[in-house]
**Q** 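Can you keep this structure in mind? I'll have questions shortly.
Note that the numbering runs from 1 along the sequence shown for the chain.
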Amino acid sequence: MNYSTLTYWALRTSHPALRGWPAKWGRFFVNALLMMSQLGFCSVYIVFIADNIRDYQLMVAAPLLIYSQFRGLDKMSPLSAIANILNVIGLSLIFVNIFSSPLPDVSSLPPFAGWSRMPAFFGTIVFSFEGISLVLPIERQVKDKQLYSAPCGVLTLSLTVVVTLYTAMGFFGYLAFGDNTLASITFNLPSSPWYYYSVKPIFAAVMFLSFHLQLFVPVDLVMKWLKDRNGWHGDDCTRTRHKAEALVRLLFFILTVIMSIAVPNLDLLISFIGAVASSFLALILPALIYLLTRLTQPPPHQPPHKALIAFLILVMVVGFLGFVVGTYTSMSAIVKTMS
């Protein structure tokens, strides 16, 4: 199953009132959110690359368009490994810069920036950690699925590393640069010596190599719909499928470029995508699907503990409040910036 199919069957097997049109519209709603979030990620990547390599936008666009035409996640494994290595190098150089000078005392900076900045903070955080749309597609294609989802498997370890690095980067980065911290901490690095100057191209390369992975989900959703609708499942339809997929990838690439031009502010685009799509995908829907599945299981299955139910309801409430307030404030900031 993918995310939308999982939502569909969670509704179909729950309360009778949810088994008809709510299940169908639930699948459509999740697919729409997945398309928005993943294409938003691609737009953020384009903005990031353009911001970090200001003089080479046109040079980046052409190879990125060619790269976006590659099919299959298995072909991307070596390039993803290279991106991870570059990521480690870039992060290491940033930490070297942060700790190259004595850091100020923690008490010299405000511990809380105020409630007015919470919506943007919420959208940015949820955007940064939300990768749920890739969890099931990647699991489908890995060779050993048990090693992928085990308690100490690939998914858990990768998220643990990401959470640790993001937390350390946010804390020590703000401690080093304070209110002068820019939308991307790479903009705070000096241009000399040369290895600090290389950080921007390094992360631009990381975004470039990761672009295909983010584009995979919306292309996969559309191609699955086209294959089911047109019956393109036999070997005789392979050429037709490949042509259609190439066209879909081209249209999505053009759409992401248009989005990146329409909202060229990296921080505002991240906050908007996080508040609108990621709040549902990462917080509201997982808790809802879990509750629908567990609460409707017949005996001898035991319902979840009341404390867990209360916690998941709290997660959904926080996610919905973040969606409403975060969407309003990010949209207001985008309109104000564009006007």
Side-chain angles (χ1 to χ4, degrees), residues 40-41 43-55 86-131 161-207 210 260 263-275 278-279 282 322 325-334 336-338:
F41 291 164
S43 298
V44 168
Y45 283 16
I46 293 174
V47 173
F48 185 90
I49 294 172
D51 285 348
N52 281 272
I53 313 180
R54 291 187 178 276
D55 298 328
L86 292 175
N87 218 349
V88 171
I89 295 173
L91 289 172
S92 300
L93 290 173
I94 292 175
F95 278 118
V96 167
N97 177 258
I98 289 174
F99 293 110
S100 61
S101 303
L103 294 176
D105 190 82
V106 176
S107 59
S108 63
L109 295 172
F112 183 58
W115 290 105
S116 62
R117 301 185 68 177
M118 277 297 292
F121 169 79
F122 173 85
T124 303
I125 292 298
V126 178
F127 175 94
S128 300
F129 290 111
E130 194 275 295
V161 171
V162 168
V163 169
T164 303
L165 285 174
Y166 278 16
T167 304
M169 183 65 67
F171 179 81
F172 291 109
Y174 183 67
L175 195 61
F177 301 111
D179 290 336
N180 294 321
T181 307
L182 300 175
S184 171
I185 199 169
T186 57
F187 303 153
N188 287 100
L189 298 181
S191 56
S192 61
W194 66 268
Y195 46 83
Y196 289 148
Y197 185 77
S198 68
V199 171
K200 290 181 182 180
I202 285 175
F203 278 109
V206 171
M207 297 295 103
S210 304
S260 65
V263 188
N265 299 77
L266 186 65
D267 49 346
L268 296 182
L269 186 57
I270 287 175
S271 179
F272 175 74
I273 298 297
S278 299
S279 57
V325 180
T327 301
Y328 174 77
T329 54
S330 58
M331 275 297 298
S332 300
I334 289 173
K336 183 179 180 180
T337 302
M338 293 177 65

**Q** Using 0.5 Å steps for rounding, measure from the CG atom of Asn180 to the OH atom of Tyr174.
**A**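 Going from the CG atom of Asn180 to the OH atom of Tyr174 covers 9.5 Å.
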**Q** How long is the gap from OG on Ser278 to CZ on Phe41, to the nearest 0.5 Å?
**A**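 If we round to the nearest 0.5 Å, Ser278:OG and Phe41:CZ are 4.5 Å apart.
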**Q** Is there side-chain contact between Ile202 and Leu93, with heavy atoms separated by less than 4.5 Å?
**A**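 Ile202 vs Leu93: side chains touch.
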**Q** Check Gly274 against Val126 and note the closest heavy-atom contact, atom names and distance.
**A**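 For Gly274 and Val126, the tightest heavy-atom pair comes out as O-CG1, 4.1 Å.
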**Q** Just so I know, are the side chains of Tyr196 and Ser100 near enough to count as touching, which here means a heavy-atom distance under 4.5 Å?
**A**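 Result yes, sub-4.5 Å side-chain heavy-atom pair found.
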**Q** Could you check whether any side-chain N or O of Thr167 sits under 3.5 Å from a backbone N or O of Thr164, counting only pairs where one atom can act as donor and the other as acceptor?
**A**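 The answer is no, because no donor-acceptor pair under 3.5 Å joins these two groups.
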**Q** For Met207, does its backbone N or O pair with a side-chain atom of Ser210 as donor and acceptor, under 3.5 Å?
**A**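 The answer is no, because no donor-acceptor pair under 3.5 Å joins these two groups.
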**Q** If every non-hydrogen atom of Gly326 is compared with every non-hydrogen atom of Pro119, which pair is closest and at what distance?
**A**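 Here Gly326 and Pro119 meet closest at CA-CB, 3.8 Å.
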**Q** Using a 4.5 Å cut-off on heavy atoms from C-beta on, say whether the side chain of Leu175 contacts that of Val106.
**A**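 Of all side-chain heavy-atom pairs linking Leu175 with Val106, at least one is under 4.5 Å.
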**Q** Looking at Val206 and Leu86, what are the two nearest heavy atoms and their distance?
**A**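 Heavy atoms only, the tightest pair is CG2-CB, 3.6 Å.
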**Q** Just jot down the side chain to side chain contact (heavy atoms under 4.5 Å, CB included) partners of Asn188, sequence neighbours excluded, or say none.
**A**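 Asn188 satisfies side chain to side chain contact (heavy atoms under 4.5 Å, CB included) with Phe177, Thr181, Leu182, Ile185 once adjacent residues are dropped.
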**Q** Measure the acute angle between the ring planes of Phe99 and Phe95, then classify it against the limits of 30° and 60° as parallel, tilted or perpendicular.
**A**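 Taking Phe95 first and then Phe99, their aromatic rings lie parallel (interplane angle under 30°).
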**Q** Heavy atoms, side chains only, cut-off 4.5 Å: are Tyr197 and Ser192 in contact?
**A**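 The answer is no; the side chains never approach within 4.5 Å.
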**Q** Under the 3.5 angstrom rule, does the side chain of Asp105 hit a backbone N or O of Ser107 as a donor-acceptor pair?
**A**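 Checking the backbone N and O of Ser107 against the side chain of Asp105, a donor-acceptor pair under 3.5 Å is found.
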**Q** What heavy-atom pair brings Ala204 and Ile49 nearest, and what distance separates the two atoms?
**A**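 Looking at all heavy atoms of both residues, the closest pair is O-CG1, 3.7 Å.
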**Q** A side-chain contact here means heavy atoms from C-beta on lying under 4.5 Å apart; do Leu91 and Leu165 qualify?
**A**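 Counting from C-beta outward, Leu91 and Leu165 do come under 4.5 Å.
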**Q** Applying the side chain to side chain contact (heavy atoms under 4.5 Å, CB included) criterion to Val199, which one of Ile89, Asn97, Val96, Leu189 satisfies it?
**A**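 Testing Val199 for a side chain to side chain contact (heavy atoms under 4.5 Å, CB included) against Ile89, Asn97, Val96, Leu189 leaves exactly one candidate, Leu189.
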**Q** Are the side chains of Phe272 and Val44 in touch, meaning some heavy atoms are under 4.5 Å apart?
**A**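 No, every pair of side-chain atoms sits at 4.5 Å or beyond.
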**Q** Ignoring hydrogens and angles, tell me if any N or O in the side chain of Ser92 forms a donor-acceptor pair with the backbone of Val88 under 3.5 Å.
**A**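 Yes: the side chain of Ser92 pairs with the backbone of Val88.
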**Q** Within a strict 4.5 Å, meaning less than it, do heavy atoms of the Ile270 and Phe48 side chains meet?
**A**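 No. Closest side-chain heavy atoms not under 4.5 Å.
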**Q** Ala176: which residues meet the side chain to side chain contact (heavy atoms under 4.5 Å, CB included) condition with it, sequence neighbours left out?
**A**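 Side chain to side chain contact (heavy atoms under 4.5 Å, CB included) list for Ala176, sorted by chain: Ile98, Leu103.
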**Q** Calculate, to the nearest 0.5 Å, the distance between atoms OG and CG belonging to Ser330 and Asn265 respectively.
**A**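 Between atom OG of Ser330 and atom CG of Asn265 there are 12.0 Å.
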**Q** Using 0.5 Å steps for rounding, measure from the OG atom of Ser128 to the CE atom of Met169.
**A**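 Answer rounded to 0.5 Å: 12.0 Å.
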**Q** After noting the C-alpha distance and the side-chain angles of Phe122 and Val325, does the key distance pass the side chain to side chain contact (heavy atoms under 4.5 Å, CB included) rule?
**A** CA-CA 10 Å; Phe122 173 85; Val325 180; over 6 Å; no
**Q** Judged by atom type as modelled, is there a donor-acceptor pair below 3.5 Å linking the side chain of Ser271 to the main-chain atoms of Leu268?
**A**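 The answer is no, because no donor-acceptor pair under 3.5 Å joins these two groups.
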**Q** Please report the C-alpha distance between Ile94 and Phe203 in whole Å, then the side-chain angles of each, then the deciding distance to 0.1 Å, and finally whether the side chain to side chain contact (heavy atoms under 4.5 Å, CB included) criterion is met.
**A** CA-CA 11 Å; Ile94 292 175; Phe203 278 109; 3.6 Å; yes
**Q** Enter the distance from Met118:CE to Thr329:OG1 here, rounded to the nearest 0.5 Å.
**A**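 Those atoms lie 11.0 Å apart.
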**Q** Provide the closest heavy-atom pair for Ile273 versus Gly40 in the form atom of the first, atom of the second, distance.
**A**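 For Ile273 and Gly40, the tightest heavy-atom pair comes out as CD1-CA, 3.8 Å.
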**Q** Among all residues two or more places apart in sequence or in another chain, which pass the side chain to side chain donor-acceptor pair (under 3.5 Å) test with Tyr45?
**A**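 Applying side chain to side chain donor-acceptor pair (under 3.5 Å) to Tyr45 gives Gln214.
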